[in-house]
Amino acid sequence: RPAKMTTPAPTPYEEYNTEKLIKYLHGFYHEGGNDEFDLNDLGYRTALYYLGGGVIFFGGIALLVYFLFLCCRASFSCCRKEAGCGPNLSRFLLFILTGGMTLMTLCSYVGYGNFVDGMNGVANDCSKIRDIVLSLDDGGSNLATNGANFNSYASTADCDADTLTSSANFFQIHAEIYSTVMPAPRYLENFVNIFGKNIPDYVAYMLGFAAGSAAVTSLVTILGIVTKSSTLLNISSLFSVLLFLLFITLIGLELTLSVMFADLCYYGPGLALQDLADRTMNDQSAQVVNYYTSCVGANPLEIQLNKTFVSATTMNQTAFDSLFYNTTSSSWDSTTCESASALRNIISESDSALSTISTMNQDQSCANINAIYYDLVDSVLCGKTVSGLWELWAVHLAAGALLYVCMFFTSHVKQKCKVLVLMDEEGAVKAIPLGPPLAPNTV
């Protein structure tokens, strides 16, 4: 008889709270104090919306300040006063700031690497769980087929019919639990595709677009600096505004997701999953989820599997006790039953069922599934994914800050470039030789 698994979970919920990054992100402002992870709660979702929307709002305020600054420079002479640095130094500083912004944008790929490692980890762990579910689903289907065959053979047996029929019915009832509580493998396959391919691809496109936009903006700015072209610097200012809008959008999204995952890890992924199971699943499925997230108590699947084991063993022994080996016919016959073939079929079917039960008992052990689950939530979601998201928005925040300074400085350098152009033109006029003096007028 299979042994019951009562191994405790390898990682208690409290261990998630020791991560400083998790505590730091969880401590971000939550509207109305709704910082307990629960996506089913409107108050918590609203807090997340306020967080991301707040980033975009303050980014909009920053742009408004920039536009007011430009209006001031265009309308009032006091706003066009020369800064302390000369034209060449101003251009050099803008070159450094622009290059730093581009370099910082490219550094976002460090966070992208951790984030993609997290997404691939989710896909790999979902793939492992999918394989286990597929194995259990196939095993459950085989047991259901065994149960139907048991009932068919038991109905044709003319001895021990009551024992065989009741055992066959009992077996079939408990074998069908797997079709009731197991998630459809196609859902897990969808998770594998979403986390392993779709999300990394979308993030790569988004970061590539941001990095490309930053490179183009920097190139136009540098060309404007080198050629002393106010037109190119005006174009770079337009590109900078658009790039700044992209940055604040990315920061709002990345910050919101990182805080959401931090709230999940601070609250405890197991508790969140149990709450979700209790709300959305039937009682049997919820019990299975709750067990595998903690490994505390008896395994609901194993209880049912043990009952099919008892039923298959009973039918096997009952059929075998009614048979003897007939040396004359070299076959198993019965002295009390005319339907010896039905008994032989029951023995063969029960051997097949017992083999399936042994395989399923190994697949559904809590130590097997729970190890994958805790790698998913502890190492992947609460580790690499949160770190990657934090690195993404922190780098984009730094790049956005440098870009914002560049936007103001570009306006100053445009004025310096106009001065340099005038100086160049004046120098060119002075360099033209005057030629010989004019001849005196003659009559």
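Positions are given from 1 along the sequence. As the structure is a prediction and not an experimental result, all values here were calculated from the model.
Crowding of Phe95 atom CZ: a count of heavy atoms from other residues, nucleotides or ligands under 6.0 Å not exceeding 12. Summarising the local packing, OH of Tyr50 is surrounded by 12 or fewer heavy atoms from other residues, nucleotides or ligands at distances under 6.0 Å. Residue Asn368 places its CG atom among more than 12 non-hydrogen atoms of other residues, nucleotides or ligands, all under 6.0 Å distant. Under a cut-off of 6.0 angstrom, the local environment of CZ in Phe239 is sparse, with at most 12 non-hydrogen atoms contributed by other residues, nucleotides or ligands.
Taking 4.5 Å as the limit, every side-chain heavy atom of Ser229 sits out of range of all side-chain heavy atoms of Leu223. Within the 4.5 Å cutoff, no side-chain heavy atoms of Tyr291 are placed close to those of Val296. Between Val65 and Tyr404, the closest side-chain pair of non-hydrogen atoms falls below 4.5 Å. The side-chain heavy atoms of His26 and Val259, taken from C-beta on, include no pair separated by under 4.5 Å. Two residues are said to be in side-chain contact when any heavy atoms from C-beta on lie closer than 4.5 Å; Leu42 and Thr46 meet this criterion. In this structure, Lys307 and Ile303 have side chains that are in contact, with non-hydrogen atoms separated by less than 4.5 Å. Using a 4.5 Å heavy-atom cutoff, the side chains of Val395 and Val110 are not in contact. Looking at Leu243 and Met101, their side chains come closer than 4.5 Å, going by heavy atoms from C-beta outward.
For Val55, the side-chain contact (heavy atoms from CB on, under 4.5 Å) criterion is met by Ile251, Leu255, not counting sequence neighbours. Partners of Glu31 according to the side-chain hydrogen bond (donor to acceptor under 3.5 Å, both in side chains) rule, which considers only residues two or more places apart in sequence or in another chain, are Tyr29. Remark: Phe261 engages no residue in a ring pair (Phe, Tyr, Trp, His ring centres under 6.0 Å) (not counting sequence neighbours). With sequence neighbours left out, Phe191 forms a side-chain contact (heavy atoms from CB on, under 4.5 Å) with Cys126, Leu188, Phe195. Legend: residues meeting side-chain hydrogen bond (donor to acceptor under 3.5 Å, both in side chains) with Thr385, ordered by chain and number and at least two apart, are absent. Taking the side-chain hydrogen bond (donor to acceptor under 3.5 Å, both in side chains) definition, one finds that Gln287 meets it with nothing, sequence neighbours left out.
Atom CE in Met360 sits 7.5 Å away from atom OG1 in Thr308 (nearest 0.5 Å). How far CG of Leu376 is from CG of Asn370: 11.5 Å, rounded to the nearest 0.5 Å. How far CE of Met206 is from CG of Leu253: 6.0 Å, rounded to the nearest 0.5 Å. Expressed to the nearest 0.5 Å, how far OG of Ser237 lies from CG of Leu70 amounts to 7.0 Å. Atoms CG and CD1, from Leu264 and Ile22 in turn, are 8.5 Å apart once rounded to the nearest 0.5 Å. With rounding to the nearest 0.5 Å, the separation of CG in Asp117 from CG in Asn124 is 10.0 Å.
The aromatic rings of Tyr44 and Phe37 lie perpendicular to each other, with more than 60° between the two planes, well past the 30° mark. Using the six-membered ring where Trp is involved, Phe28 and Trp393 have ring planes that are perpendicular, over 60° apart on the 30 and 60° scheme.
With Thr102 contributing its side chain and Thr98 its backbone, the two residues share a donor-acceptor pair below 3.5 Å. No donor-acceptor pair closer than 3.5 Å links the side chain of Ser358 to the backbone N or O of Leu354. Under a 3.5 Å cut-off, the side chain of Ser135 and the backbone N or O of Asp131 do not form any donor-acceptor pair. Remark: the backbone N or O of Asp351 is not paired with any side-chain donor or acceptor of Ser355 at under 3.5 angstrom. Panel note: side chain Asn234, backbone Ser230; a donor-acceptor pair is recorded below 3.5 Å. Checking side-chain atoms of Ser411 against main-chain N and O of Phe408 turns up no donor-acceptor pair under 3.5 Å. Ser127 contributes no side-chain N or O that, together with a main-chain N or O of Ala123, makes up a donor-acceptor pair within less than 3.5 Å. Checked by atom type and distance alone, the side chain of Ser236 pairs as donor or acceptor with a backbone atom of Leu233 at under 3.5 Å. Panel note: side chain Asn316, backbone Ala312; no donor-acceptor pair is recorded below 3.5 Å. When atom types are taken as modelled, the side chain of Thr356 and the backbone of Ser352 share a donor-acceptor pair closer than 3.5 angstrom.
Met260 pairs with exactly one of Leu389, Leu25, Leu51, Leu39 by the side chain to side chain contact (heavy atoms under 4.5 Å, CB included) rule, that one being Leu39.
Residues Ser108 and Leu392 approach most closely at O-CD2, 3.2 Å, considering heavy atoms. Taking each heavy atom of Ala211 and Leu106 in turn, the nearest pair found is CB-CD2, 3.9 Å. Minimum interatomic distance between Gly59 and Phe244 (heavy atoms only, all atoms of both residues): O-CE2, 3.6 Å. Looking at every heavy atom in both residues, Thr105 comes nearest to Ala214 through OG1-CB, 3.9 Å. Smallest separation of non-hydrogen atoms from Asp263 and His30: OD2-NE2, 2.8 Å. The two residues Thr217 and Thr221 have their closest heavy-atom pair at O-OG1, 2.8 Å.
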**Item:** Worked check of side chain to side chain contact (heavy atoms under 4.5 Å, CB included) between Tyr292 and Tyr373
**Value:** CA-CA 8 Å; Tyr292 281 110; Tyr373 162 73; over 6 Å; no
**Message:** What verdict does the side chain to side chain contact (heavy atoms under 4.5 Å, CB included) test give for Asn345 and Asn149, after you've listed the backbone C-alpha separation in whole Å, the side-chain angles of each residue and the deciding distance to 0.1 Å?
**Reply:** CA-CA 9 Å; Asn345 288 334; Asn149 291 338; over 6 Å; no
**Message:** Is there a side chain to side chain contact (heavy atoms under 4.5 Å, CB included) between Met315 and Phe150? Walk through the geometry before answering.
**Reply:** CA-CA 9 Å; Met315 286 185 285; Phe150 280 141; 3.3 Å; yes
**Message:** Show, in sequence, the C-alpha distance, side-chain angles and deciding distance for Asp41 and Asn34, and conclude whether the side chain to side chain contact (heavy atoms under 4.5 Å, CB included) test is met.
**Reply:** CA-CA 9 Å; Asp41 179 26; Asn34 295 294; 4.2 Å; yes
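Judged by distance alone, the side chains of Ser387 and Asn114 never bring a donor and an acceptor atom under 3.5 Å apart.
Aromatic rings from Tyr205 and Phe209 are positioned such that their centres are separated by 6.0 Å or more.
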